[in-house]
Amino acid sequence: MDDMRLALLLNAVSPAIGGVLVRGEKGTAKSTAVRALAALLPPVDRVAGCRFGCDPAAPDPTCPDGPHPAAGPVERRPARLVELPVGAAEDRVVGSLDLEKALAEGVRAFEPGLLAAAHRGVLYVDEVNLLHDHLVDLLLDAAAMGRCHVEREGVSVSHAARFLLVGTMNPEEGELRPQLLDRFGLTVEVAASRDPVVRVEVVRRRLAADADPAGFAARWAAADAEVAARVAAARDRLDRVLLPDGALRQIAEVCAAFDVDGMRADIVTARTAVAHAAWQGRDRVTADDVRVAARLALPHRRRRDPFDTPGLDEKRLDEALQRARDEHPDDDPPDTGPSGPGDPGGPDGGGPDGPSAGGSGGGSGPQPPDGGPPDAAGGPQDAGGSPDHDPPARTGPTSPPAVDDRWPDRAAASGSDADLRADDRSGRPDDGSADHAGARPGRPGQGGTANPGDPAGAGSVAVPQRGLMARLFTAPGVGDGVPGRRSRARTGRGRTTGARVPAGRPTAVHLPATLRAAAPHQARRGRCDGRLLLRPDDLREAVREGREGNLVLFVVDASGSMGARQRMSAVKGAVLALLTDAYQRRDTVAVVAFRGAGAQVLLPATSSVLAASARLAELPTGGRTPLAEGLLAAADLLRVQRLRDPRRRPLVLVVTDGRATAGHRPLERSARAAAVLAATGAPCVVVDCESGPVRLHLAHRLAGQLGAAHHRLDTVTADPLAGLATVGANRSVR
């Protein structure tokens with residue numbers, strides 16, 4: 001966890017870096033490490049009694065609790081760690097305004113939210129990738145402006161909200177929106193150690209902490225205090241650290257070499273390099289500081305599309321740094337200077353190998369009182385290190401989920417499917433191995449190369465052809481689901497379509513409707529001046545229509561007939577374009593594939609299109625066509641998902657040529673299975689993959705059995721300038 005600890009500590013030294021995003025597999029103590037950060041932060045002074053945490057040295061002139069006197073009372077409090085729950089309501093995040101009192105009495109009665117509580121502290125979002133889009137927008141606004149604005153029907157409240165944003169996420173559950181991803185100053189990948197010695201020590205300490213929490217904390221109190229003192233000392237040194245022109249040129253060279261967007265990467269890298277120099281006890285930024293800063297600040301900024309995995313090519317990084325040295329040798333910053341206490345070699349205070357799990361977080365500290373191995377204690381490990389040495393390369397999780405090996409054996413196929421595979425095995429690139437590890441197809445039907453920017457062992461993913469746009473498929477009607485960008489829905493945001501009497505506390509007041517409801521009762525209420533007299537039952541809530549995200553379920557035919565004549569390459573290209581569309585429209589996706597003798601859920605419902613593309617890239621083909629089993633598996637998945645997330649409407653995309661060759665009376669069984677899937681009420685689209693001069697139109701018949709729209713495969717993707725089509729019942733494109 002060296003990189004995670006270093007990134008958190010550098011933000012503690014310089015909050016201007018902009019926070020940390022911790023990506024990693026489940027069960028790696030990401031949340032535990034973040035929550036431990038608050039105890040290492042220096043306490044803050046605030047104006048006594050101010051609910052918004054105003055700094056006495058520079059109070060917010062627009063603070064709702066202000067104005068504050070220049071020499072008023074001051075109180076000191078520990079730095080706060082405020083947790084933002086994934087399911088938090090908007091009022092809880094930004095604060096709530098008493099709309100009834102504001103309308104009736106003209107006063108601002110405002111209750112601060114989580115953003116106000118996090119001011120001058122840490123805002124922690126666990127599972128930040130699952131945060132609803134409207135809350136992401138609020139965080140983006142606050143992070144960009146340093147203020148929180150609450151606007152409700154002409155009543156406005158604003159207060160300062162500057163905080164250190166820390167998020168943790170499991171990439172398997174979905175990716176972040178690019179706008180929010182860029183707002184995190186640093187990002188790190190974490191994975192559990194595979195060293196048995198370290199794992200034993202982690203378990204030993206966890207059991208010791210469970211048995212005696214107070215005693216365990218007391219044993220490590222001295223080490224924590226030492227790290228906190230080092231953070232405070234680095235903060236004091238921060239303003240004295242010199243960032244020479246040579247270091248700035250290195251930063252610019254590195255950011256240009258990785259082709260990052262905008263200038264935020266350069267600024268964040270410079271701030272991180274300065275903070276690292278202060279943390280190391282130096283008064284001048286060196287090439288080592290620039291390298292460490294680039295490793296933390298650039299991986300998440302080099303992504304170009306949802307199928308790019310975060311990572312940084314260490315060789316390219318070294319080449320860019322060397323190029324800057326060669327072009328400007330005279331102003332190259334020296335790689336010398338005093339090291340921080342207990343930090344002889346590694347980038348974060350633990351020697352060349354860095355501290356292991358369970359340490360105090362800063363590199364120095366006493367040996368563990370419970371007799372654990374020195375490496376696991378977080379103390380010095382190699383006094384012979386040198387600050388000239390580059391930090392060791394880091395890698396994230398080593399491999400994507402592998403395709404389940406429970407597929408029916410290819411040898412079970414016979415008849416025409418087997419003949420097609422035999423005839424086509426030598427000519428087609430997509431025989432179940434073309435998209436395996438190491439291959440990164442550049443476009444449907446063509447080979448590809450490994451992505452040089454991917455971290456080691458990141459595995460392969462399939463990517464769609466650049467410039468292709470998928471058709472817009474939508475669910476009919478108006479839903480009431482999770483806000484997104486696909487189908488029409490009643491949401492908290494969007495255009496106002498009407499008003500209604502609120503069932504509880506109104507979320508958005510419809511002011512004209514409220515006034516119309518109150519107007520007939522003014523004489524009876526004794527109105528005698530210009531002020532309108534309102535009562536709680538006069539309030540009307542705005543009804544708004546926007547867009548929702550859907551569950552897009554891909555049911556993919558992977559049988560031998562699909563693998564023939566390079567057809568599967570085109571199928572994968574179309575599905576990948578649809579996956580990209582699902583990512584942009586904030587959908588969740590699931591993948592069911594059928595071949596041989598049965599069907600399999602390759603990917604349960606998730607918002608990670610990267611995981612879906614990885615499963616699709618490794619999808620083998622061949623065998624008979626169990627169409628009935630595929631449709632029944634889709635119906636079962638829909639039933640389960642409806643119980644888990646009843647508000648999210650499904651949209652089923654069946655990608656097949658309509659053939660059914662497996663089992664007894666396969667066509668009759670597939671017709672009955674289609675009736676079962678249609679009974680779920682989920683709107684369906686059949687993507688017809690049949691090709692060649694002779695066509696049986698079986699997919700078109702399947703669309704009729706499902707009550708689905710029918711589209712040919714070559715019409716699913718188009719040039720971005722082409723028009724978009726919407727699903728219509730029984731609408732066919734030929």
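Every heavy atom of this structure was used, including side-chain atoms; hydrogens, water molecules and symmetry mates were not. Positions are given from 1, in the same order as the sequence printed here.
To the nearest 0.5 Å, atom CG of residue Leu579 and atom CZ of residue Phe554 are 4.5 Å apart. Of the inter-residue distances, the one linking Leu21 atom CG with Lys30 atom NZ reads 10.5 Å to the nearest 0.5 angstrom. Interatomic distance, CZ of Arg5 versus CG of Leu40, reported as 10.0 Å (0.5 Å rounding). Expressed to the nearest 0.5 Å, how far OG1 of Thr588 lies from CZ of Arg644 amounts to 11.5 Å. Atom NE2 of His276 is separated from atom CG of Leu6 by 5.0 Å, given to the nearest 0.5 angstrom. For the atom pair CD of Gln250 and CD of Gln322, the computed distance is 9.0 Å after rounding to the nearest 0.5 Å.
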Would you sort out whether Arg23 and Asn129 count as a side chain to side chain contact (heavy atoms under 4.5 Å, CB included), showing the intermediate values?
CA-CA 10 Å; Arg23 299 165 47 94; Asn129 51 325; over 6 Å; no
Salt bridge (Lys or Arg N to Asp or Glu O under 4.0 Å) between Glu201 and Arg205, worked out:
CA-CA 6 Å; Glu201 184 61 24; Arg205 294 191 187 183; 2.7 Å; yes
Applying side chain to side chain contact (heavy atoms under 4.5 Å, CB included), run through Arg264 and Arg183 and close with a yes or a no.
CA-CA 9 Å; Arg264 184 174 286 117; Arg183 287 294 176 185; 2.8 Å; yes
Steps toward side chain to side chain contact (heavy atoms under 4.5 Å, CB included) verdict (Leu139, Leu123)
CA-CA 10 Å; Leu139 286 183; Leu123 181 64; 3.6 Å; yes
Verdict with reasoning, Val166 to Leu81, per side chain to side chain contact (heavy atoms under 4.5 Å, CB included)
CA-CA 10 Å; Val166 180; Leu81 176 72; over 6 Å; no
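No donor-acceptor pair under 3.5 Å is formed between the side chain of Arg291 and the backbone N or O of Asp318. The closest donor-acceptor contact from the side chain of Arg282 to the backbone of Ala277 lies at 3.5 Å or more, if one exists at all. With hydrogens and angles ignored, the 3.5 Å screen pairs a side-chain donor or acceptor of Arg194 with a backbone N or O of Ala192. The closest donor-acceptor contact from the side chain of Ser14 to the backbone of Leu10 lies at 3.5 Å or more, if one exists at all.
A search for side-chain contact (heavy atoms from CB on, under 4.5 Å) contacts involving Ser31 returns Arg35, Tyr124, Asp126, Thr168, not counting sequence neighbours. For Ala293, the side-chain contact (heavy atoms from CB on, under 4.5 Å) partners at least two apart in sequence or on another chain are Thr269, Thr272, Ala273. Residues that satisfy the side-chain contact (heavy atoms from CB on, under 4.5 Å) test with Ala582, not counting sequence neighbours, are Arg486, Asp587, Val589.
The nearest pair of heavy atoms linking Val190 to Met4 is CG1-CB, 3.9 Å. Annotation for Ala38 and Ala79: closest pair CB-O, 4.2 Å, computed over non-hydrogen atoms. Minimum heavy-atom separation, Ala252 to Asp266: CA-OD2, 3.8 Å. When all heavy atoms are compared, the tightest approach of Leu164 to Gly19 is CD1-CA, 3.3 Å. What you find for Ala257 and Arg323 is that their closest heavy atoms are CB-NH2, 3.8 Å. Closest of all the heavy-atom pairs between Val285 and Val290 is CG1-CG2, 4.1 Å.
Side-chain contact check for Leu602 versus Val556: every heavy-atom pair is 4.5 Å or farther apart. Residues Leu317 and Leu298 are not in side-chain contact: their nearest non-hydrogen atoms beyond the backbone lie 4.5 Å or more apart. Here the side chains of Thr28 and Met1 are in contact, with some heavy-atom distance below 4.5 Å. Residues Leu41 and Arg235 meet the side-chain proximity criterion, which asks for heavy atoms closer than 4.5 Å. For the pair Asp3 and Glu189, the minimum side-chain heavy-atom distance is 4.5 Å or more. Put simply, the side chain of Asn11 does not reach to within 4.5 Å of the side chain of Leu37, judged on heavy atoms.
Ion pairing between a basic and an acidic side chain is recognised when a charged N comes within 4.0 Å of a carboxylate O; Arg301 and Asp261 show no such pairing. Arg230 and Glu226 are not joined by a salt bridge, as no carboxylate oxygen comes within less than 4.0 angstrom of a charged side-chain nitrogen.
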